[in-house]
Amino acid sequence: MAWVYLAIAGLLEVGWAVGLKYTEGLTRLWPTVLTAVAILGSMGFLALALRTLPMGTAYAVWTGIGAVGTVALGILLFNEPSNASRLACIGLILAGIVGLKLVSGH
């Protein structure tokens, strides 16, 4: 169950990272409120995952999910660059996430 909590935490991290863009510097009420809820949810699910998973592994996977998801949505929503070098780096992050899951023993 810890890995499920961690995946949810990572997805909520993507949500709040992208949400920050829509808050326009925390000046728009509802995007700011939704972003704050996503931050709290992300931290809460990370805390649940940390009951079982090693801290270093959980944190690395959490930030990795957040980084990959945020870059992907940046490309899709904000027309950010998607050149081969950038995509290769995202692939390396994904490989790290999968590798940490495989060697974690949980």
Side-chain angles (χ1 to χ4, degrees):
M1 196 65 183
W3 285 101
V4 172
Y5 292 149
L6 189 57
I8 294 168
L11 293 173
L12 286 169
E13 184 185 3
V14 174
W16 70 255
V18 172
L20 282 174
K21 180 82 169 165
Y22 291 104
T23 69
E24 295 180 13
L26 304 177
T27 62
R28 296 181 62 213
L29 177 62
W30 290 113
T32 300
V33 168
L34 292 173
T35 298
V37 168
I39 289 169
L40 291 172
S42 181
M43 292 292 175
F45 279 103
L46 177 60
L48 290 173
L50 285 172
R51 289 180 175 173
T52 306
L53 299 175
M55 180 186 60
T57 299
Y59 184 76
V61 170
W62 177 65
T63 58
I65 292 169
V68 169
T70 302
V71 168
L73 287 179
I75 291 167
L76 294 172
L77 299 175
F78 306 116
N79 218 21
E80 293 179 0
S82 61
N83 58 47
S85 299
R86 194 164 196 232
L87 296 176
C89 290
I90 295 303
L92 291 172
I93 295 171
L94 282 171
I97 292 169
V98 171
L100 286 169
K101 167 65 173 114
L102 292 175
V103 302
S104 76
H106 288 95

With side chain to side chain contact (heavy atoms under 4.5 Å, CB included) as the test, would you mind laying out the steps for Thr35 and Ile39 before giving the verdict?
-> CA-CA 6 Å; Thr35 298; Ile39 289 169; 4.2 Å; yes

Do [X] and [Y] sit in one hydrophobic cluster, given that two such residues count as connected whenever their side-chain heavy atoms are within less than 4.5 Å of each other, even indirectly?
X: Leu46; Y: Ile93; answer: yes
X: Met43; Y: Met55; answer: yes
X: Met1; Y: Ile8; answer: yes

Asn79 atom CG, neighbour heavy-atom count above 12 within 6.0 Å = no

Minimum-distance pair of heavy atoms, taken over all atoms of Ala38 and Trp16 | CB-CB, 3.7 Å

Evaluation steps, side chain to side chain contact (heavy atoms under 4.5 Å, CB included), between Tyr22 and Thr32 | CA-CA 8 Å; Tyr22 291 104; Thr32 300; over 6 Å; no

Residue set satisfying side-chain contact (heavy atoms from CB on, under 4.5 Å) with Ala72, at least two apart, ordered chain then number -> none

List in chain and number order the residues that pass side-chain contact (heavy atoms from CB on, under 4.5 Å) with Ser104, two or more places apart in sequence or in another chain; answer none if no residue qualifies.
-> Trp3, Thr57, His106

All pairs passing salt bridge (Lys or Arg N to Asp or Glu O under 4.0 Å) where [range] contributes a residue, at least two apart:
range: residues 44-57; answer: none
range: residues 87-104; answer: none
range: residues 71-80; answer: Glu80-Arg86

Could you state the interatomic distance from CG (Leu53) to CG (Leu100), rounded to the nearest 0.5 Å?
-> 10.5 Å

Mind checking whether Leu20 and Leu26 have side chains closer than 4.5 Å, heavy atoms only?
-> yes

Compare all side-chain heavy atoms of Phe45 with those of Leu12 and state whether any distance is below 4.5 angstrom.
-> yes

Can you check side chain to side chain contact (heavy atoms under 4.5 Å, CB included) on Ile75 and Leu87, steps first, answer last?
-> CA-CA 10 Å; Ile75 291 167; Leu87 296 176; 4.2 Å; yes

Pairs involving residues 59-76, ordered by first then second residue, that meet side chain to side chain donor-acceptor pair (under 3.5 Å) (sequence neighbours left out) | Ser42-Trp62

